[in-house]
Each structure stands twice: as C-alpha cells, then as structure tokens.
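Reviewing the structure listed below.
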Number of protein chains: 2
Amino acid sequence: MKYNEAKDKFIQTWGTLGSSWGISRTMAQVHALLLISPDPLSAEEIMEDLKISRGNANMTIRDLIDWGLVYKELRAGERKEYFKAEKDIWKVAKQIIKERRKREIEPVLGVLEELKQMEGNKTDKKHKALVDAVTNIEGVVEKADFALERAIKLDENALVGALFKLFK
Amino acid sequence: MKYNEAKDKFIQTWGTLGSSWGISRTMAQVHALLLISPDPLSAEEIMEDLKISRGNANMTIRDLIDWGLVYKELRAGERKEYFKAEKDIWKVAKQIIKERRKREIEPVLGVLEELKQMEGNKTDKKHKALVDAVTNIEGVVEKADFALERAIKLDENALVGALFKLFK
DNA sequence: TTTTATTTTCAATTTATTTTGAAAGTTCAG
DNA sequence: CTGAACTTTCAAAATAAATTGAAAATAAAA
C-alpha cells in the first residue's frame, strides 16, 4: 500500500468509526486528516483534500475546536487561519470523554434525579421497577467515573515512573 | 410527576441518549421500556406503548436480542413470544462495550495493522505522522482495554467482599 | 390437510441529517 | 473610507437513515 492509499484508508476508517459513534462522518474525517498532517492546514486545503464545501469545512472545524480537539493557528503577516489537531491520542480520548459526559450524560443524570422524586405508591411493582432502573443506572455512571479516574492516575504514575528512571 | 409521565420521560431520555451515541432512537426506547417493565412484554404491547409499527418492533427486538440485551421468553400453551431485558445495568454496560468493541473497534484495529505496513520512506514527515497516529491509537485502545479489565475486577472483588461479610 | 395465530421481510415512503453555495459579514491594508 | 481576502451563516437541496404496512413465511391447532 502506498502512502496516499494508506492516508485515504485512515481517513475513511476514522470517518466510519466516528459515524457509528454518533459523530458526523465529515467531522471525523477532518479530524483524521489533521491528526496525520505534520503541519497545520488551512480551510482551503481541508476542503480540497476531502472534497467538501467551504461551508461544511468551516462548520466542521468550528465544532472540532469547540470539542477541544483542534486548535487555530495564526501566522504573522497572513490573514488565513491554519488548523492543527491535538496529536496525543490519550489526551484526545480523555477530552472526548469529558465533553461527551458534559453534553450527553450530565443532562440525563439531571432527568434521572427528577424521576426518582416521582409521586405515587413506592411499593407498586411498576413504580419500583422504574426507580430500580434509575438507581442502577446512576450506580453504573459512578463506576464508570471511578474507572476513568483510576485509568488517568495509572497513566500519570507511569509517566512519573518513566521520568524518574531517566533521571535516577 | 406521575408514574406515567416519569415512564415517558425515562423512555424519551434513554432514546435521546442512544441516538447521540449512534444507536437508533427506537431501539433505545424499546430497551428503556423493557428495562422498566416488571414483566416480559409481547411485540403487541411494545408496538402499542411506543406507537411503532409491527415491522419496526420486530426488527428492533431482533437487534436487541443480537446485542445480548433482551431475552425471548416462551410461555407454555401460548404461541405469542414475550421479551424481557437484562436488568442489571452493570452487565448491560459490559455487554454493550463488548459488542461495540467486536463490531466497531476490532475491524478498525485490523485496518490500522495494515496501514503500518505501508511501503515508502519511513523518514518522510507525512509517512511518519501517519504511522505515529496509528501507533498512538493502538496504545490508547490497550489502555482502554486495561482500564475496563481493572473496573471489572474491582467490581468482582467488591461482590466477593460483600458476600464474605454476610457469611462471616 | 386446512385454518388460524403469529412472526418476518422488504420495497416504498417518510423523516432526519448532512451538505452545498451564494450572500452577508468581518477584518485589515492601502 | 474602499476594496480585497477571507470567514460565517443559513435556506434550500441532497443524502442517509428509519419506518411503515401489507404480503410472504412459519408454525401450531383443528
């Protein structure tokens, strides 16, 4: 496989993965393109490379910036804007999880809290089943939060360990 | 809030969450309905409750069964099939992760392996950036796998601990 | 075997999402 | 100011995804 085929395959694979996880295919593709670009790209270059319209490129880049995955870079004496992606995939993963939690999970947790306050006979089978499901879901969110924290700590410790080895 | 409002809100909230994670809104709603049903439901009941067609109900239920989230129940002397959901949300979460890994992540890992074999000058900036991104992604998948394993073990240990306390 | 209850399939339709592109907006140099 | 270089917006169009419903298939009962 030549570089260009590999590049296209990477972009298309990332796009498919994104779209199966509820991220627009184009957004994932722009992200993929920036991930493998050694240098920042302009909107023009992104449009041309992925064959998308200016409007689409603009909106997609804005979304990626809002998600904290892409940075804008201005060059002295140039009006055009350039964009580069965060290349550390572990940081990217943490950032995506953080954003998805905030945007998609937290509003649900709010609703679940309300639901638990529902009036009515707490010993009714249906009433109880709903409260049980809600409580159970909240518990799993806690477990997931804890697992993430542990994974982050483990990574930080590994980093400290590696640095320590270097300087010992 | 009355039970029926709470029920509807739960179903609609779960549907919205599912659809933002790339699961069809209806599939998530059927799942939600079964999660809070104390007793198994027939296709008829699901259709009526969620106001969906027979075809849609049938396909959605089949998908949920394929995902390992819903079980079919046959009753002696009755032709109709009934469906019930796995109620333990931690099991549900593990099952969803397992399925998504198999269906969506593993094929990507296969492609990434191929991409690393790409021919060409390994010192070329663009070539190197692609290989770096791929390697980096593979590393994060490993971290995620490990974090999940640790979370599962932690949960199992907590269970053993609780049982031990009971019988000590 | 025939009838009846039930499930499954899938082409056609509907609905939701994404994309385009041209006009409006912005910003800065001259 | 004015115009050139660029970015942003958003209604309309295109595309993709979900849904329907009726016909076909299946399977138990008569």
Side-chain angles (χ1 to χ4, degrees), chain A residues 11-34 40-67 70-84 100 103-104, chain B residues 11-34 40-67 70-84 100 103-104:
Chain A
I11 290 171
Q12 112 90 21
T13 300
W14 206 240
T16 303
L17 181 64
S19 90
S20 76
W21 284 75
I23 284 153
S24 103
R25 165 173 260 91
T26 299
M27 179 161 151
Q29 287 180 338
V30 171
H31 187 224
L33 174 61
L34 290 172
L41 300 179
S42 66
E44 300 284 341
E45 291 168 307
I46 293 168
M47 286 163 59
E48 186 180 326
D49 207 318
L50 301 177
K51 284 129 177 64
I52 59 175
S53 70
R54 180 172 301 284
N56 196 2
N58 182 272
M59 289 168 116
T60 299
I61 292 165
R62 169 155 31 77
D63 283 349
L64 284 166
I65 292 173
D66 289 347
W67 274 79
V70 164
Y71 314 116
K72 194 179 281 196
E73 195 177 84
L74 299 173
R75 289 182 187 172
E78 261 200 276
R79 239 199 254 190
K80 208 180 290 193
E81 299 174 327
Y82 290 82
F83 306 96
K84 64 178 181 195
R100 296 199 84 149
R103 294 171 189 225
E104 295 151 6
Chain B
I11 291 171
Q12 113 89 21
T13 301
W14 206 240
T16 303
L17 180 63
S19 90
S20 76
W21 284 75
I23 285 153
S24 104
R25 165 175 260 91
T26 299
M27 178 161 151
Q29 287 180 338
V30 171
H31 187 224
L33 175 60
L34 290 172
L41 299 180
S42 66
E44 300 284 340
E45 290 168 309
I46 293 168
M47 286 164 58
E48 185 180 326
D49 207 319
L50 301 177
K51 284 132 177 64
I52 60 177
S53 70
R54 180 172 299 285
N56 195 3
N58 183 273
M59 289 168 117
T60 299
I61 292 166
R62 170 157 28 78
D63 283 349
L64 284 166
I65 292 173
D66 289 347
W67 275 80
V70 163
Y71 314 115
K72 193 180 283 194
E73 196 177 83
L74 298 173
R75 289 182 187 171
E78 258 199 277
R79 222 130 126 183
K80 210 178 288 193
E81 298 174 326
Y82 290 82
F83 306 96
K84 65 179 179 193
R100 296 200 84 150
R103 295 171 189 224
E104 295 150 7

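The chains referred to below are lettered A, B, ... by the order of the sequence lines, with proteins before strands, and numbering in each begins at 1.
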Nearest heavy-atom pair of A:Leu74 and A:Glu81: which atoms, and what distance?
CD2-CG, 3.7 Å

Out of D:dT8, C:dT18, D:dT9, whichever nucleotide has its closest atom nearest the side chain of A:Lys72:
D:dT8

Show, in sequence, the C-alpha distance, side-chain angles and deciding distance for A:Val30 and A:Ile52, and conclude whether the side-chain contact (heavy atoms from CB on, under 4.5 Å) test is met.
CA-CA 10 Å; A:Val30 171; A:Ile52 59 175; 4.2 Å; yes

Nucleotide C:dT17, atom P - distance to CE of A:Met27 in whole Å
16 Å

Distance test, side-chain N/O of B:Arg62 to OP1/OP2 of C:dT9, below 4.0 Å:
yes

Separation of D:dC6 C1' from A:Glu73 CD (nearest whole Å):
17 Å

Whether A:Arg54 and A:Glu44 form a salt bridge (side-chain N of Lys/Arg under 4.0 Å from carboxylate O of Asp/Glu) is what I want to check.
yes

Whole-Å distance separating the CG atom of B:Asp66 from the C1' atom of C:dT8:
14 Å

Tell me whether the rings of A:Trp21 and B:Trp21 are parallel (<30°), tilted (30 to 60°) or perpendicular (>60°).
perpendicular

Judged by each residue's nearest nucleotide on DNA chain D, which is more toward the 5′ side, A:Lys80 or A:Ser19?
A:Lys80

Report yes if at least one side-chain N or O of B:Ser24 is closer than 4.0 Å to OP1 or OP2 of D:dA17; otherwise report no.
no

Walk me through whether A:Phe83 and A:Ile65 qualify under side-chain contact (heavy atoms from CB on, under 4.5 Å).
CA-CA 9 Å; A:Phe83 306 96; A:Ile65 292 173; 4.0 Å; yes

Can you see whether A:Ser42 engages A:Glu45 through a side-chain donor-acceptor pair at a distance of less than 3.5 angstrom?
yes

Give the rounded distance in Å between these two atoms: CG of A:Leu41 and C1' of D:dT7.
17 Å

Let's test your reading of the model: under 3.5 Å, does the base of C:dC28 pair with the side chain of A:Arg79 as donor and acceptor?
yes

Whole-Å gap separating C1' (C:dT17) and CD1 (A:Ile23):
15 Å

Return the value, rounded to whole Å, for the distance between atom CG of B:Leu64 and atom P of C:dT8.
14 Å

Among residues 44-59 of chain B, which residues get a heavy atom nearer than 4.0 Å to DNA chain C?
B:Arg54, B:Gly55, B:Asn58, B:Met59

Kindly check if the number of other-residue, nucleotide or ligand heavy atoms within 6.0 Å of CD (A:Glu73) is above 12?
yes

Find the distance B:Gln29:CD to D:dA18:P and express it as a whole number of Å.
13 Å

Without decimals, in angstroms, what is the distance between A:Glu78 CD and C:dA29 C1'?
15 Å

